[in-house]
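To keep things clear, I will list the structure first and then write my remarks on it.
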Amino acid sequence: MLYADVIIPLGVESFFTYSVPEEYEHSVTVGTLVVVSFVKNKRYTGVVYALHTNPPVGFETKPIERVIEEGFALSASHLKFLLWLSEYYMTPPGEVTRAALPVSMRLESYTSLSLVNGWEEKLADESELSREEREIMGVFRERGEMCMAEVEKLLKRKDVYVAVRALLEKEIIGIKESVDDLFKPKVERWVRWKRKFSSEELDGILDGLKRAKAQYKMLCDWVYYSDEHHVECLPRTEFVQKIGNSVAALKGLCERGVLEVIVREVSRLEVSEEEVGEVHALSEAQEKVLGDILGCYWEKDCVLLQGVTSSGKTEIYIHLIQETLRQGKQVLYLLPEIALTVQIVKRLRRVFGDQVGVYHSGMADSARAEMWRKQNGTNPYPVVLGVRSSVFLPYQRLGLVIVDEEHESSYKQKEPAPRYNGRDAAIMLGKMSGAKILLGSATPSFESYQNALSGKYGFVQLTTRYGEVMMPELLFVDMKEYRRKKMMKGCFTPVLYEEMKRVLENGMQVILFQNRRGYSTYLQCDRCGSILKCKHCDVSMTYYRYRNTLNCHYCGSLRAVPAVCQDCGQGHYVNRTPGTERIEEDVKQYFPEARVARMDLDVISNKAKFRALIDDFESGNLDVLIGTQMVSKGLDFERVKLVGVMDADSLVGFPDFRAEERAYDMLMQVSGRSGRKGERGKVVIQVVDRQNRVYQLVGKEDYHGFYTLLSREREMFNYPPFSRLIQIELRHVDEVVLRNAANELARQMRERLERRVCGPAEPDVSRVRKMYRIQILIKAEQGLSLSKLKIFLKQKCDELAKTPVGKGVRVYFDVDPL
DNA sequence: AGCACGCCGACT
DNA sequence: GTCGGCGTGCTC
């Protein structure tokens, strides 16, 4: 007997063993998608993980019910990749599978119920039934076939199970198990000539239609229309609308054998409408960089390309893609967010036409499934352009992986599991496939930069800007001084105000950037501007107004607010909160003529609103755009001559050891928005802490210096890139139970891991949907075995769950949290 | 993820 | 006294 270990796409640990019926012995292979029954009559699509002949002990096996499709299976390497992801990110394989497969590919059965034939005879007297049972009968008579969920919905209650089961026992209603294959090809009906007719034949047909006026008219119209528009066929709906407007006439013509309706499978995937053009020639600098990258690939699989903004990285990617395609291999081009990169899609399509497949989270599930199948079939897209989830698509001969803007934190998935980083997953996918990997960024992540410096990655820099683009002029303005002199105009310093005035008077545009990451409040000295940090963690502390204390999100330490500033000894701490919609009001007050719009969360999350806003700004219907970090990414507006950063200190003051790295990156990105073409743009950055090292270094455009300075501290405090982090989050409804469990877990882990354990500490949002949360952070220095550490952590958590202190506490792991 | 089993509070 | 709320554990 053959057995298959199957991964069920649920958040359950490990796999389940099923027996393979004889009829499937040859079609079931490792990677096959199979329908299995799991828990009662629920069915799931699982992935075969292993095949063997050892009869399992301790339980009966159920049989595999069906193989989804002959010959359709995940390749061994694809499966291997998914399992790596599962292990690395401490996520059950089922959950990885769930993330990897589009919903319609992991079809789940629903139990369909209906009245059995001849139920009337079985039920002599309806008074035998309970009130609930009669209610259920009522809805069945009305609706016929239904699944459980629908019955509940119609009766607006959740406890129909007992009554339904009673009816089932009485054999009045029956179960109809149907596995609905949701993946049905999308079809369209088209109308065309049944065959080619000569003009004499057509005359003959028309003569025969003298009495069928509608058909006669339809045929004449069609002859005229098809000639006029040079079309041979039309979609049926369009045909009826445009020609004759009579379904009956069409039917008649089909019956006469003049026309026919054909069913065509259509693709749900976007079709490229770009005209395929030439690849731009590279500048001398770009040419050299391309050569350097190719040179690195002789000995290294992964190369970091650091290219300043506007240096033309994309053009280099295009040349690399072209080369890869020439070798008959596939390319994966990863972007942090697809919505903001319409420009790149267009550009790639212009060069590679319909060889480019786009994959993103906004796609309909059926379209995703179609893309999946296409990539697994005989004619896959050679180039896949997509967001992080594109790493889950099947690849057959991957030759190149490009991760653009590799430092972007949106590559990391937070919720739900798997909490993976698209960049790191892509690197692993590339390695497993024997592909070359290119990471691109203007401000690389410290992790990648360190790998480049250490020689683990190849390192290539592109320092010259393409064309005549100039780096904008950066002006740091001290808000503290103007505040003291009472010269602020709302939230604008006189400098920013004057610049805005000048730009707006010239009919040019302004972007105002306001950071809004998280909700925390921090304390800053009103005199020297220094931000209060934790003594143990090198992270700014979060201020809680209601109890007037400071809390570190990393180690959990608490302290009172010092009476005077720790740095200058004279100033006092003031409460700072990243501002909100006030900016818009101030713009309206000081620039009543200006047309202003805000790009905040509700705009970004709505695709239509977002596009409308971008279009308005692009076409000049708006003068001032206020936004969060979204405005800093990937958008090019020619007429923007000024960018104002309202309060840069809120970037630096964020309670995260990466705050400064992010602040630097954001300021660089934001600067890149100003004056991309023509006249040199300006960036006004309003700060309080003028002396902050981040500002000194942004001004100098010295990434390496910035890295060197900050990395010393990272090393001292044992933060990435000098260590790896694993965050353990515990959740429970009871705050006290949770805290006790966390303390106990941390204590036990410390016995072995000692100072590598930080916390427990409260996250910035400590209670979500009635559940309290608490976090323990593990720092693993280089050289410590990560896989052994993970086993240890998991073991400790499992042990805790079994003791009374840990009862009911849920544990979540986040490997390499951001 | 569901769904059953099982234990405690608001009603007949 | 029961009904039914939800917490806990299992599913091949």
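Everything numeric in this text was worked out from a predicted model, so none of it was measured. In what follows, every chain begins at residue 1, and chains take the letters A, B, ... in the order their sequences are listed.
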**OP:** Note every stem involving DNA chain C: at least three consecutive Watson-Crick or G-U wobble pairs, i with j then i+1 with j-1, with both distances under 3.5 Å.
**Re:** B:1-11 with C:1-11
Subject >> Whole angstrom value for the distance that separates C1' of dG2(B) from CG of L10(A) >> reply: 8 Å
Original post:
Taking OP1 and OP2 of dG2(B), is either one under 4.0 Å from a side-chain nitrogen or oxygen of Y44(A)?
Top reply: yes
Original post:
Hey, is the side chain of K807(A) poking within less than 4.0 Å of OP1 or OP2 on dG9(C), counting only N and O atoms?
Top reply: yes
Original post:
Has F59(A) got its ring stacked on the base of dC12(C), with centres under 5.5 Å and planes less than 30° apart?
Top reply: yes
**OP:** Inspect the surroundings of CZ in R747(A) and state if more than 12 heavy atoms from other residues, nucleotides or ligands are less than 6.0 Å away.
**Re:** yes
Subject >> Euclidean distance, atom CG of residue D5(A) to atom P of dT11(C) [Å, nearest integer] >> reply: 15 Å
Subject >> Identified ring pair (Phe, Tyr, Trp, His ring centres under 6.0 Å) partner of Y420(A) from the options W84(A), F392(A), Y88(A) >> reply: F392(A)
**OP:** Under the side chain to side chain donor-acceptor pair (under 3.5 Å) rule, what do S445(A) and E406(A) come out as? Steps first, then yes or no, please.
**Re:** CA-CA 7 Å; S445(A) 63; E406(A) 65 81 27; 3.1 Å; yes
Subject >> ring pair (Phe, Tyr, Trp, His ring centres under 6.0 Å) evaluation trace for F16(A) with F38(A) >> reply: CA-CA 9 Å; F16(A) 294 84; F38(A) 185 71; 4.8 Å; yes
**OP:** Mind listing the closest non-hydrogen atom pair of A426(A) and L334(A) along with its distance?
**Re:** CB-CD2, 3.6 Å
**OP:** Give a yes or no answer on whether the side chain of K412(A) reaches the backbone of D816(A) with a donor-acceptor pair at less than 3.5 Å.
**Re:** yes
Original post:
Whole-Å distance between dA1(B) C1' and R98(A) CZ?
Top reply: 7 Å
Subject >> Length of the CZ-C1' vector between F38(A) and dC10(C), whole Å >> reply: 8 Å
Original post:
Taking atom P of dT11(C) as reference, at what distance in whole Å does atom CZ of F16(A) sit?
Top reply: 7 Å
**OP:** Starting from C1' on dC12(C), measure out to OH on Y49(A) and report it in whole angstrom.
**Re:** 15 Å
Subject >> Neighbour count above 12 (heavy atom, 6.0 Å) for R752(A) CZ >> reply: no
**OP:** Look at all strands and tell whether T17(A) reaches a base, only sugar-phosphate, or nothing, counting heavy atoms closer than 4.0 Å.
**Re:** base
Original post:
Which whole-number value in Å describes the distance from I7(A) CD1 to dT11(C) P?
Top reply: 19 Å
Original post:
How would you label the contact of V12(A) with the nucleic acid (heavy atoms, under 4.0 Å): base, sugar-phosphate, or nothing?
Top reply: base
Subject >> Euclidean distance, atom CZ of residue R810(A) to atom C1' of dC6(C) [Å, nearest integer] >> reply: 13 Å
Original post:
Counting any heavy atom closer than 4.0 Å, what does Y18(A) reach on the DNA or RNA strands: base, sugar-phosphate only, or nothing?
Top reply: sugar-phosphate
